Amino acid sequence: MSLLNPTPNPPRGSLESGIPGDSPRRLAYAYTDLSDRSPVSARDKDGLSYYWRLLSRRKAALSLAALFGAGCAFLLTMRQTPVYRAQTILEVQNLNEDFMNTRSVNPTASPAFQSPEYDIRTQSTILQSRPVLERAVNALTAEEKKELSSEEAVSNTALLFGKPAAVRAAAVIPETERALQTVSAGLRVQSEPNTRVIRLSFDSTNPALAADFANSLADSFIKTRLETRWQTSQQTVDWLVGRMQDVKSKLRNAEAELQRFAADADLTFLSEKDNVNDERLRQLQADLTKAQSEAASRRARFELASSAPAESLPEVLDDATLKDYHVQLTTLRRQLADLSSTYTQENPKIVKVKAEIATLEGALEKKRSNIVSRIKNEYEASRRAEDLLHSNYNAHRGLMSRQLSKVSHYADLKREVDTTRQLYDSMFQKVTEAGLASAMRASSIQVIEKAIPPRLPYKPNFMVNMAFGILTGLFLAIALIVQRARSDRGIKEPGDTAFLNVPELGVIPTSDSRSGMRLLRRQSLGLDVRGTGPERLELTTYQNQLSVIAESFRLTLTSILFSGRNGSRPRVVVVSSANPREGKTTVLSNLGIALAQADQRVLLVDGDMRLPRLHEIFSLENNAGLGEVLTGQAPLSVLETKIPNLFVLPSGHTQDSGLLFKPELRSLLRRLKADFDMILIDSPPMLHMPDARLFARHADAVILVVAQNTARDAVQTACQRLAEDGSPLLGTILNNWNPKHSTHVYSESQEYYSKTYQKS
């Protein structure tokens with residue numbers, strides 16, 4: 001049954017205030033406004049108190065992990081060999097490298113602005129180099145060298161697995177190489193911050209050997225640095241003289257090459273500045289770029305016209321003639337429908353109208369074809385223009401390259417001659433100063449403290465190892481527990497949406513019959529379903545009134561009705577969800593049924609224009625609906641369902657969500673609000689389509705349906721978008737909750753409902 005302009009039913013006192021007999025008051029809803037605070041904080045599973053409770057319930061596991069770590073540390077400590085550490089302290093002094101102007105003639109001198117920290121790091125690296133280590137090893141006695149080569153236990157692997165590894169390696173690696181391996185494993189070089197002090201330490205199982213090698217390494221390092229500096233100073237003069245001769249020869253060759261090229265190319269008055277040809281080349285490049293951009297745009301339009309239906313093209317949709325054809329065609333089809341109800345198909349009036357419809361459809365199709373052909377022709381023309389500009393640009397660029405190549409080559413040759421001459425003049429002035437540095441033999445390394453044999457071993461440290469083992473075991477256990485807790489980011493239980501700081505209006509259990517949620521069958525209750533068809537979850541509040549699911553919807557409705565402040569409540573409510581398939585349509589239809597059973601005039605608006613379902617749920621026609629009303633193609637017409645006091649405004653055939661941006665939506669909702677006690681709007685998912693946010697701008701409140709296992713981040717993002725839009729969020733509804741997988745106790749409530757319904 002269709003109701004055209006239903007009789008206004010002004011809100012009653014019980015509807016406006018929530019209490020029968022009260023006078024109407026100004027609406028003030030108890031929604032949560034998220035716009036004046038920071039993003040939603042995850043107080044539930046992100047707070048320290050939650051992790052403390054989580055770890056408190058795992059005390060046994062943490063204790064076992066700590067004991068296991070301590071045991072592993074104890075076993076590893078017992079297998080390690082005692083190691084002694086001897087230490088030598090060195091000072092790196094600041095040497096004046098610019099003495100007698102040495103810096104200007106020494107190619108290896110350090111820059112004057114270099115920080116002392118770089119010098120300390122450089123000396124530390126040289127101290128650990130192979131030549132210095134070999135010299136220190138060779139300076140030891142034969143017995144010490146032999147012991148050092150067999151001391152494989154210093155390395156980390158040998159400390160854990162003992163001597164057999166060293167015994168097997170001794171048969172293959174030479175003695176000196178084994179000694180160097182031991183030295184590399186036991187040597188430590190550390191520089192003190194903000195000082196010129198270097199601490200050199202060596203680890204060994206023999207305390208005397210550790211001290212002897214540390215002192216030997218310090219002496220070898222000092223001698224190596226002296227010899228290197230002296231050799232560098234001696235070679236400076238020879239290097240400068242040889243380099244000056246090379247530069248002189250290079251200068252003569254460059255000058256000869258410059259003169260020969262100028263004569264062969266016959267270059268006289270050539271200019272290297274920009275000219276008309278340069279400007280022409282830049283203009284061609286700009287025109288080519290513009291043509292390429294235009295061709296790409298028209299190519300996209302052509303590909304869209306080739307692949308997409310003609311009626312979906314922007315040019316077709318925006319064409320005024322086509323719009324007029326559509327209006328005329330709609331008018332003729334309406335006339336045909338009116339005549340068909342009165343006359344037969346052979347009547348002249350009907351035949352005339354059909355002929356006019358066929359003529360308009362042919363003209364409409366021809367107009368669309370012309371638009372597609374025009375798009376193709378524009379693309380071909382832009383592509384030909386692009387090819388022509390590209391050809392002209394390449395031709396002009398080649399001409400410019402041929403003209404300027406000779407000038408560019410001549411400039412390069414002249415620049416090389418000038419640079420080489422400057423270098424030769426500078427070296428000629430400095431070559432006489434190079435011999436002064438060779439007489440200087442000063443060391444920048446001084447020994448402050450020599451190494452002495454240590455009395456106590458450096459490692460293993462039993463207490464440190466045990467503490468490290470315990471902490472490692474605890475850390476791994478805590479990481480595993482926390483990771484398992486945080487890996488599940490879904491909404492699981494009633495109250496899990498508390499991190500949103502919005503009320504939880506209700507909890508809808510799952511409809512799975514195996515869960516035991518349905519208490520009595522419809523047949524056993526003898527309910528009159530009045531032709532509502534087979535059982536559907538969307539109609540369970542009407543078809544299965546004595547069920548836990550129906551009670552949960554009525555309980556949720558109670559929370560919505562009592563959500564107002566000062567006795568008021570919202571009358572236009574948008575029902576949406578973060579993701580698809582979370583049950584928002586099911587929740588909306590059942591809430592509407594429950595409200596209609598409470599003697600309220602309820603209108604369900606199908607705002608999901610892409611996937612409408614309300615007309616299927618209530619077995620209604622969808623010939624005209626919300627889309628046609630907003631476009632003015634049809635008058636406002638709501639449909640009466642078989643459930644008393646429940647009406648539906650279907651979506652219609654229009655799928656253009658851009659209609660929701662028009663001001664007609666606000667006027668329509670204001671008109672419907674005057675005729676119905678409550679309006680529930682079914683909208684698409686918020687994170688995928690903008691429809692819900694557009695409806696929310698004109699509604700009193702928004703209800704977010706959250707299915708079990710929905711990601712927390714998705715729900716939080718949906719709430720944040722509502723906050724950014726300034727839309728009031730009334731609360732959330734947890735849908736499809738399975739109590740069998742829950743920690744909440746549900747058996748007593750199920751038994752209570754069973755006994756109650758059996759008595760009734």
Side-chain angles (χ1 to χ4, degrees), residues 92-126 129 131 196 222-275 277-278 400-445:
V92 181
Q93 298 178 348
N94 188 14
L95 195 64
N96 185 11
E97 296 185 353
D98 200 22
F99 178 73
M100 296 294 295
N101 203 22
T102 306
R103 185 184 300 277
S104 61
V105 296
N106 188 356
T108 61
S110 301
F113 56 85
Q114 183 176 2
S115 173
E117 182 180 356
Y118 293 100
D119 188 25
I120 302 300
R121 293 180 180 179
T122 302
Q123 302 300 332
S124 299
T125 304
I126 297 174
S129 62
R196 292 182 171 272
I222 294 174
K223 294 178 180 178
T224 301
R225 294 300 296 157
L226 285 174
E227 293 177 358
T228 302
R229 183 175 297 276
W230 182 80
Q231 292 175 0
T232 302
S233 300
Q234 288 290 335
Q235 293 173 358
T236 301
V237 176
D238 297 336
W239 180 85
L240 286 175
V241 172
R243 184 61 179 166
M244 188 179 62
Q245 296 297 330
D246 295 339
V247 172
K248 184 177 181 180
S249 177
K250 183 179 179 180
L251 177 60
R252 291 176 179 175
N253 295 334
E255 291 177 344
E257 179 66 21
L258 178 64
Q259 295 176 1
R260 182 168 56 255
F261 177 78
D264 294 342
D266 195 17
L267 297 177
T268 52
F269 300 100
L270 295 179
S271 175
E272 298 180 3
K273 297 182 179 180
D274 294 339
N275 50 34
N277 291 329
D278 293 335
M400 291 295 298
S401 299
R402 289 190 298 270
Q403 289 181 352
L404 296 179
S405 60
K406 295 181 180 180
V407 176
S408 177
H409 186 59
Y410 178 83
D412 292 340
L413 292 177
K414 190 175 184 305
R415 185 162 48 252
E416 182 179 0
V417 170
D418 296 339
T419 303
T420 307
R421 181 178 290 108
Q422 293 177 2
L423 179 61
Y424 176 77
D425 295 340
S426 177
M427 295 186 67
F428 183 79
Q429 296 176 3
K430 300 295 182 178
V431 70
T432 57
E433 302 175 1
L436 300 178
S438 60
M440 293 294 302
R441 300 191 63 180
S443 175
S444 60
I445 310 298

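For the single chain, residues carry numbers from 1 onward in sequence order. Remember, it's a predicted structure, so these values are computed and weren't measured experimentally.
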If you measure from OG1 on T228 to CD1 on I126, what distance do you get to the nearest 0.5 Å? 7.5 Å
Please tabulate, for the side chains in residues 419-426, all donor-acceptor contacts under 3.5 angstrom to protein atoms that are two or more places apart in sequence or on a different chain.
{"residue": "T419", "atom": "OG1", "partner": "R415", "partner atom": "O", "Å": "2.9"}
{"residue": "T420", "atom": "OG1", "partner": "E416", "partner atom": "O", "Å": "2.8"}
{"residue": "R421", "atom": "NH2", "partner": "E255", "partner atom": "OE2", "Å": "2.4"}

CG-CG distance between L251 and D246, expressed to the nearest 0.5 angstrom: 12.5 Å
Might you point out which heavy atoms bring I120 and R196 nearest each other, and give the distance in Å? CD1-CA, 3.7 Å
Once rounded to the nearest 0.5 Å, what's the spacing between atom NZ of K250 and atom CD of E257? 13.0 Å
